[in-house]
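Have a look at the structure below before the remarks.
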There are 2 protein chains.
Amino acid sequence: MNALVRSEASHRNSTIAVGPRPPAPVFAKPQPISFFTSNAEIYAQGETAGNFYRIEFGAVRIYRLLSDGRRQIAAFHLAGETFGFEADLTHHFFAEAIVATCLCTHRVSAGETLSQDLLPLALRYLARAQKHLLVVGRQNAVERIAAFLIDIADRQGGLEHIELSMSRQDIADYLGLTIETVSRGLTKLRDTGFIKFHGLRVLDICKPQALRLMCE
Amino acid sequence: MNALVRSEASHRNSTIAVGPRPPAPVFAKPQPISFFTSNAEIYAQGETAGNFYRIEFGAVRIYRLLSDGRRQIAAFHLAGETFGFEADLTHHFFAEAIVATCLCTHRVSAGETLSQDLLPLALRYLARAQKHLLVVGRQNAVERIAAFLIDIADRQGGLEHIELSMSRQDIADYLGLTIETVSRGLTKLRDTGFIKFHGLRVLDICKPQALRLMCE
DNA sequence: CGCTCGCTTGATATAGCTCAAAAGCTGTGG
DNA sequence: CCACAGCTTTTGAGCTATATCAAGCGAGCG
């Protein structure tokens with residue numbers, strides 16, 4: 001299965017208050033900033049919720065575990081995105097920093113108008129998760145990897161240049177594959193000229209149209 | 001693959017206005033009721049959105065297609081649930097009645113306070129979709145079927161008695177399996193005494209604890 | 001009574017998993 | 001600047017769970 005022991009690298013990072021900041025564009029008041037090192041836990045499944053977070057820089061994985069250690073990453077969140085709000089006051093997932101990450105924390109109590117801002121966000125994430133279900137449920141390995149690359153490229157500004165913050169294991173656990181299958185898929189996409197590597201986690205999409213067609 | 005042609009059974013049902021009704025508990029005004037026969041389309045991917053729907057009775061599947069016909073059902077909605085709202089004004093999925101279904105239509109323009117009601121709903125569906133990702137991405141066939149049965153049982157009131165409104169093909173497309181694998185999985189659960197059939201789509205869960213344990 | 005349709009069962013094929021090892025990278029210390 | 005250790009990633013070989021293809025079965029219906 002997929003029962004790797006990853007936990008020892010994943011302990012809570014101390015929150016570093018860096019003081020007041022200029023107002024964020026969407027939410028009213030200056031809020032505390034906290035910093036997380038790579039693999040630091042932001043919150044755990046079962047923990048009390050109540051805050052949500054805007055990523056100033058870095059990247060975050062949202063995931064769940066089965067009792068035998070199998071992991072599914074439900075979402076990646078990149079710089080600029082807001083995450084961590086829940087329907088009830090409990091977190092149903094784990095959240096960890098993928099790389100060194102800086103978060104701006106917001107309290108839910110801060111204002112009632114927040115739900116006005118949060119609803120479109122929640123709906124976007126819902127559509128994203130449900131689209132990802134099609135990828136994981138019905139596409140083969142290479143199609144899943146293609147869909148992942150297209151998604152990241154679009155979210156990094158629509159360029160064909162990609163800088164991955166996550167490991168092959170993270171990608172595998174996001175796509176419902178093994179690390180070996182992800183590696184073989186990327187190799188196949190490279191050998192067929194769809195992508196070009198400039199380092200393990202840096203690559204260009206050479207045939208964006210064709211790659212898009214592959215996962216429709 | 002899974003390229004069945006299902007489309008000929010799926011054309012728009014005429015909306016039957018049954019006149020004003022007593023106010024729904026959550027939303028303010030009486031709203032038009034419409035009726036859909038089994039397999040009737042409620043809305044299509046790409047269509048303009050703007051309404052949302054409460055299921056008075058019946059059941060609905062929310063799904064997406066790949067160009068070659070592979071289908072992934074992203075969610076089932078049962079009686080009492082509300083669905084169909086979107087972040088932008090476009091539907092990103094198809095919605096069809098699974099059985100004879102009666103919907104109460106609400107216009108988004110009806111009131112600004114709606115987002116207060118819709119946010120927790122959206123968040124619950126988001127958590128549901130992301131949990132389902134773990135099932136589809138990391139669990140084997142029998143575990144997926146067990147998780148599906150537990151989910152339906154919980155949503156039908158927590159009883160151990162289940163009446164499925166959906167076909168084996170719908171279940172397969174929800175779980176990312178083939179119809180044959182679903183059938184074999186159900187047979188295995190029956191033969192090992194976890195469930196007992198009282199008809200093709202009617203069954204009891206005999207060992208709820210053990211079944212739950214199977215998909216954790 | 002004989003269709004049709006949805007479901008089950010059987011036999012075989014294969015995509016992706018598992019296990020194993022090699023090959024790159026990165027950082028550290030001499 | 002090189003050597004070595006500890007990672008992550010890639011590559012290889014064989015195995016297995018599930019898909020695919022095909023046939024049979026049973027309930028509902030004209």
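Quantities reported herein were computed from a predicted structural model and do not represent experimental measurements. In the text below, chain A, chain B and the rest are named by the order of the sequence lines, each starting its count at 1.
One interatomic measurement links the two molecules: CG of B:Leu203 to P of C:dT8, which rounds to 11 Å at whole-angstrom precision. The CZ atom of A:Phe197 sits 14 Å away from the C1' atom of C:dG24 (whole-angstrom rounding). Across the protein-nucleic acid pair, A:Leu177 atom CG and D:dA17 atom P stand 18 Å apart, rounded to whole Å. Spacing between atom CZ of B:Arg138 and atom P of D:dT18 amounts to 13 Å, rounded to whole angstrom units. Rounding to whole angstrom units, CD1 of residue A:Ile98 and C1' of D:dT8 are separated by 16 Å. Going from atom CZ of A:Arg70 over to atom C1' of C:dT18 covers 14 Å, rounded to whole Å. Rounded to whole angstrom, the span from the CZ atom of A:Arg184 across to the P atom of D:dT10 amounts to 11 Å. Atoms CG (A:Asp170) and P (D:dC7) sit 17 Å apart, rounded to a whole Å.
Each of A:Glu180 and A:Arg144 has a nearest nucleotide on DNA chain C; the 5'-most of these lies closest to A:Arg144. Nearest-nucleotide mapping onto DNA chain C: of A:Gln139 and A:Leu200, the residue sitting toward the 5' end is A:Gln139.
Nucleic acid contact for B:Gly176: sugar-phosphate only, since backbone atoms but no base atoms lie under 4.0 Å from a heavy atom of the residue. Residue contacts for A:Arg201: at a heavy-atom cut-off of 4.0 Å it reaches the sugar-phosphate backbone alone, with no base atom in range.
When the side-chain nitrogen and oxygen atoms of A:Arg190 are compared with OP1 and OP2 of D:dT9, none of them lie within a distance under 4.0 Å. Taking 4.0 angstrom as the limit, A:Thr181 places a side-chain polar atom (N or O) nearer than this to OP1 or OP2 of C:dC17. Between D:dT20 and B:Thr178, no contact under 4.0 Å exists linking OP1 or OP2 to a side-chain N or O.
The six-membered or imidazole ring of A:Phe83 lies away from that of A:Phe52, with a centre-to-centre distance of 6.0 Å or more.
Distance from the side chain of B:Ser183 is smallest to C:dT9 among C:dT9, D:dT10, C:dC17.
Direction change of the helix axis from one end of the helix from C:dC1-D:dG30 to C:dG30-D:dC1 to the other is 30°, with five pairs defining each end axis (rounded to 10°).
Under 4.0 Å is where a charged nitrogen must lie from a carboxylate oxygen, and between B:Asp173 and A:Arg138 at least one such pair does. Of the charged side-chain nitrogens involved, at least one lies within less than 4.0 Å of a carboxylate oxygen, so that A:Glu81 and A:Arg128 count as a salt-bridged pair. The pair A:Arg168-A:Glu180 fails the salt-bridge criterion, with no side-chain N (NZ, NE, NH1 or NH2) lying under 4.0 Å from an Asp/Glu carboxylate O.
Figure legend: cation-pi geometry between A:Arg71 and A:Tyr63, with NZ or CZ positioned under 6.0 Å from the six-membered ring centre and within 45° of its axis.
Side-chain contact between A:Val202 and A:Phe197: absent, with no pair of heavy atoms (C-beta onward) separated by less than 4.5 Å.
We find the CD-CG distance between A:Glu143 and A:Leu175 to be 12.0 Å, quoted to the nearest 0.5 Å.
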